[in-house]
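Report on the structure given below.
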Amino acid sequence: MTETASAVRTVCALLADGSTVRLRPAGPEDREQVLRFYREMSADSLRNRFFMVSRRSGERAADRLCTPGGPGHRTLIALHGDRPIGVAEYETGDDPAAAEIALAVADDFHRRGVGTLLLEHLVHIAREHGVTTFTADVLADNHPLHRVLADLGLRVTRRYDGTTVHGVIRLEPDETYRSAVDLRGRTAGTASLRPLLRPRSVAVIGAGTKAGSVGRAILHNLREGHFRGLLHAVNPHVRAVLRLPAYGSVGDLPHPPDLAVLAVPAAAVPGVAEQCGRAGVKALAVVASGLDAARTAQLTAACRRWGMRMVGPSCLGIANTEPDVRLDATFAVGRPLPGTAGVAVQSGGVGIALLDGLSRLGIGVSSFVSLGDKRDVSGNDLLQWWECDDRTGLALLHLESFGNPRAFSRTARRVTRQMPVLTVDAGRSTAGRRAAASHTAAAATPAMTRRALFRQAGITATDTLGELLETAALMHSQPLPDGVRVAVVSNAGGVGVLAADACADAGLAVPELPTALTEELLAMLPAGAGAGNPIDTTPAVDAATLAAGVDRIAASGAVDAVLVALVPTALTTAVGTDLVSALTSSAHPARARCPLVAVLLDQPERVRLLHTDEGRAVPAYGEAQSAARALRHAAERAHWLARPPGRPMRPAGTDPAAARTLIAGFLAENPAGGWPDARQTARLLDCYGIPRLPQTYVTTEREAAEAAALLAGRAGAVALKAQGPDLIHTPERGGVHLDLRGERAVRTAHRELTARLGAAMTGALVRPMARRGTELLAGVVQDEVFGALVVFGSGGTTSELLADHAARLAPLTDTDVHDLLTAPRCAPLLFGHRGAPADPASLKDLLARLSQMADDLPELAEAECDPLIARPDGCTVVDARVRLLPRHASDPYLRRLP
């Protein structure tokens, strides 16, 4: 029985109640257990499965399931522990694209999502093997299975035939199917995290009596934080810790705890995890560090075997400030302040800094998870938890790595519609990245890839922790601005100018105010005031006048935000005026709509919250740059929310099957992969309807002259480009001659290339000279972690020099394509700046086709169209190259644990 790697290996996934099951193909060694599985089924279940109550039918099914069959037969078995709880199979007939399915679930596991999970994975395997349709005959009164098929999310048609229903399921996963999978995954994921974040009992394993030990610190924090559940200490060497009785092992506890915190030496972690699993523990927080690869693998295997969710290893711990939980299972010094920010970090030090900063600001946390080495629970899991917990209004992330970026992006796109999601963009450097093999790969830096993920998902990415907290303070306390127009108000003219400069540097606008508003402000401000923008109130302004002016500006609609920069002066001190009170004393309705930020140059803190009598708060920053950056992030979030969710782009006229055939042929001849020649590349581009210049491959001087006569066209000139396995980047080798006119010039150029390049030149391409236009680059790079990245920007000879490129992760939506076109600095050239505009529709179509090609073909390691000539009448690829590698497709949305 030949299987793909993804079908053979065992995967773990979550059921609707949060329990873990293992899925794998059934084998001969499973026959006795599968036979017992059928024998234990009720009469009703046997009838629903076999249309009769027959134990002999179960024996035949077990034989078929567990005997290796032909290529059209695939099986899956679901195991809870070592017990089979569900089986599924499909078998093709005369039509290899259609398969009949069969499904059975143990009686005591009905309504827990076993059947749906098996079908999701069976669909994935079937599609990998070219099956496009499932068929199933179901008894008309088998309502549970009808419900499973209806809720799957795929298109199902039914035909009634007496007591049975013949169903046909189209295996075409679309947005409806993925949304259904999302919902099931969210339900299962949040259920699985309840023992971790809302445990009813906690055991600290490794809690010692020595002051300063990690286990003792965690036990102390749990006690002092007044954890609402049962608390136990486990230490075989002492009788009590912090006045709690100590048990010799987790197995000695009177009841298995929901959560066990492992603060034991690294060498002991796998064995203790195994003990926890056997005892019935449901979740682990592994704070122990220093585990090598082998021990980490043993730890993860124990969690999967016993169905435990795990945070860590090498983590700070977890906390949940809900009043009925009060969990502080960390060894941080300060206790988390209850609040509304959900925090997930990989670095314990970053976690401590964020906990301290959020507590100081008064925002507090709803739940905190230090992910550590992130061997199980991930940022994606936490986003789903916060989405459903009814307490979190702000999510803060520090992620150094991404296990499944596309699944993370999909979850984040949904969650960011509900709450701000902020991250500090760690790991932006290019250190350690492989040498780029093309201009496109050179452009696709790690920073660009991460930023593409964040932008597309609506995540607010900052460069530092300080900037993260500054932005969180604004988003927590103020409404989002409708745009980027800012009014700068100051009691010192020079300070106002600096604040205006900071706004401009951050990409905000400081527009002139309408005449009527200016006159109104001058009438209320002291003599000598300036009411342009920035607005100089003079040091003589009092708090009441300042408050009235701010209210009038906020209500005018002329700006989207107000920044008030204040400095203490001798004048305000002499008259006892507290100008800061002007920011907190007013209850004008405009302040609930127009964000207000303060810059107080005499405050030591980078940011703090000034609380108003109405229960709101105004963020106050120590410098204008911090305030401006926070406002820019808020404006970008408002812009992202105002845009409709993007629609997937599926260009017409593509032929993925032909492309796969071409790639399979190339990889059969080049098992390690490589660069297809120009003719193979052209055929691949043609499969996706990518417009390119006509070309002819030639091997002799005479063939070159004849091809040039045919291709010269209106321009009357051609280009000659040398070809050969070692001439991928021919311009760098001087392998291109341009603007050749007439037979003599073509022959001379061919002779020159042949003499200079020798055996490296196996042929040449003849192309007509492209008409003038804007030279661009469009390409694809398959990132090992993030998947396909579509890159677009300046091309031709300036590509590397200008480094003017934008990127988005495939598959692209219509909004992603629009962003790609408008993000590079060269974008104005495309829209008519100092010349004729390019045709945006043709460029959008080209990017959509590149995206589709990258999404369809995982073997496409790189594709580069450079130069791409954009003109008013369309766009044309002048030169293209692709690199193929033997890679296997993996569905990033398939439900499985890491």
Side-chain angles (χ1 to χ4, degrees), residues 4 6 123-124 126-128 130 132 171-179 181-182 402 404-413 440-441 444 448-449 452-453 455-457 645-664 667 673 681 684-690 778-792 806-821 843-865 877 880 882-894:
T4 64
S6 64
V123 166
H124 174 68
R127 283 174 53 81
E128 285 187 325
T132 60
L171 308 189
E172 299 170 355
D174 55 11
E175 187 58 29
T176 300
Y177 176 71
R178 292 193 181 107
S179 294
V181 173
D182 284 347
F402 293 87
N404 189 340
R406 288 178 70 175
F408 172 82
S409 176
R410 185 173 177 85
T411 299
R413 286 182 196 234
T440 306
M448 175 180 283
T449 307
L453 170 66
R455 287 192 190 99
Q456 288 173 268
R647 293 178 293 104
M649 301 190 72
R650 302 288 300 189
T654 64
D655 192 350
R660 293 188 184 101
T661 300
L662 284 172
I663 290 174
L667 292 177
T681 298
L684 186 60
L685 296 184
D686 290 344
C687 290
Y688 283 86
I690 294 174
V780 171
V781 177
Q782 290 277 2
D783 188 276
E784 293 291 341
V785 175
F786 290 82
L789 188 77
V790 181
V791 180
F792 176 78
R808 295 294 183 271
L809 294 168
L812 300 180
T813 65
D814 54 348
T815 55
D816 295 331
V817 169
H818 176 269
D819 289 345
L820 268 181
L821 286 183
L843 288 171
K844 290 179 180 179
D845 182 69
L846 174 78
L847 292 173
R849 292 178 185 278
L850 283 173
S851 169
Q852 190 62 52
M853 182 166 67
D855 202 39
D856 289 343
L857 310 174
E859 302 91 346
L860 187 68
E862 296 177 42
E864 178 177 276
C865 302
V877 175
V882 300
R883 185 164 66 99
L884 302 176
L885 291 176
R887 286 174 170 164
H888 181 73
S890 178
D891 183 354
Y893 309 119
L894 187 66

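Bear in mind the structure is a predicted one, so any value in this text is a computation, not a measurement.
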Can you run down the salt bridge (charged side-chain N to carboxylate O under 4.0 Å, His left out) pairs that involve residues 848-861, sequence neighbours left out, and say none if there aren't any? R406-D855, D845-R849
Who passes ring pair (Phe, Tyr, Trp, His ring centres under 6.0 Å) against F786, sequence neighbours left out? F402
Worked check of side-chain contact (heavy atoms from CB on, under 4.5 Å) between S179 and R410: CA-CA 10 Å; S179 294; R410 185 173 177 85; 3.7 Å; yes
Does any part of the side chain of T813, heavy atoms only, come nearer than 4.5 Å to the side chain of M649, both counted from C-beta? no
Would you say V790 and R808 make side-chain contact, with heavy atoms under 4.5 Å? no
Quick one: pull up CZ in F792 and CG in L846 and give me the separation to the nearest 0.5 Å. 8.5 Å
Can you sort out the partners of A657 under side-chain contact (heavy atoms from CB on, under 4.5 Å), two or more places apart, ordered by chain and number? D655
Over all atoms of both residues, closest heavy-atom pair of P811 and S851: CA-OG, 3.4 Å
Student check: side-chain heavy atoms of L884 and L860 closer than 4.5 Å: yes
Between C865 and L850, the two heavy atoms sitting closest are SG-CD2, 4.3 Å
Between C687 and A659, the two heavy atoms sitting closest are SG-N, 3.7 Å
side-chain contact (heavy atoms from CB on, under 4.5 Å) against T411, all qualifying residues, sequence neighbours excluded: N380, L383, Q384, R414, V415
Trace of the side-chain contact (heavy atoms from CB on, under 4.5 Å) decision for D816 with L847: CA-CA 10 Å; D816 295 331; L847 292 173; over 6 Å; no
Among all residues two or more places apart in sequence or in another chain, which pass the side-chain hydrogen bond (donor to acceptor under 3.5 Å, both in side chains) test with R127? none
Is there side-chain contact between R887 and L857, with heavy atoms separated by less than 4.5 Å? no
side-chain hydrogen bond (donor to acceptor under 3.5 Å, both in side chains) involving T654 - partner list, sequence neighbours excluded: none
I'd like to check the side-chain contact (heavy atoms from CB on, under 4.5 Å) partners of A457; sequence neighbours left out, ordered by chain and number. S409, A412, R413, I459
V882 and V780, any side-chain heavy atoms less than 4.5 Å apart: no
Hey, does the side chain of E864 reach the backbone of A880 with a donor-acceptor pair shorter than 3.5 angstrom? no
Of all the heavy-atom pairs spanning Q456 and L809, show the shortest one and how long it is. OE1-N, 2.5 Å
For A806, check side-chain contact (heavy atoms from CB on, under 4.5 Å) against everything at least two apart and list the hits. L820, A823, P824
For residues N404 and Y893, determine if any side-chain heavy atom of one lies less than 4.5 Å from a side-chain heavy atom of the other. no
Quick check: do D783 and L789 have side-chain heavy atoms less than 4.5 Å from each other? no
Would you call R455 and D819 a salt bridge, taking side-chain N to carboxylate O under 4.0 Å as the test? no
Taking side-chain hydrogen bond (donor to acceptor under 3.5 Å, both in side chains) as the definition, give me every residue that meets it alongside R660, ordered by chain and number, with sequence neighbours left out. none
What residues form a side-chain hydrogen bond (donor to acceptor under 3.5 Å, both in side chains) with D174, not counting sequence neighbours? none
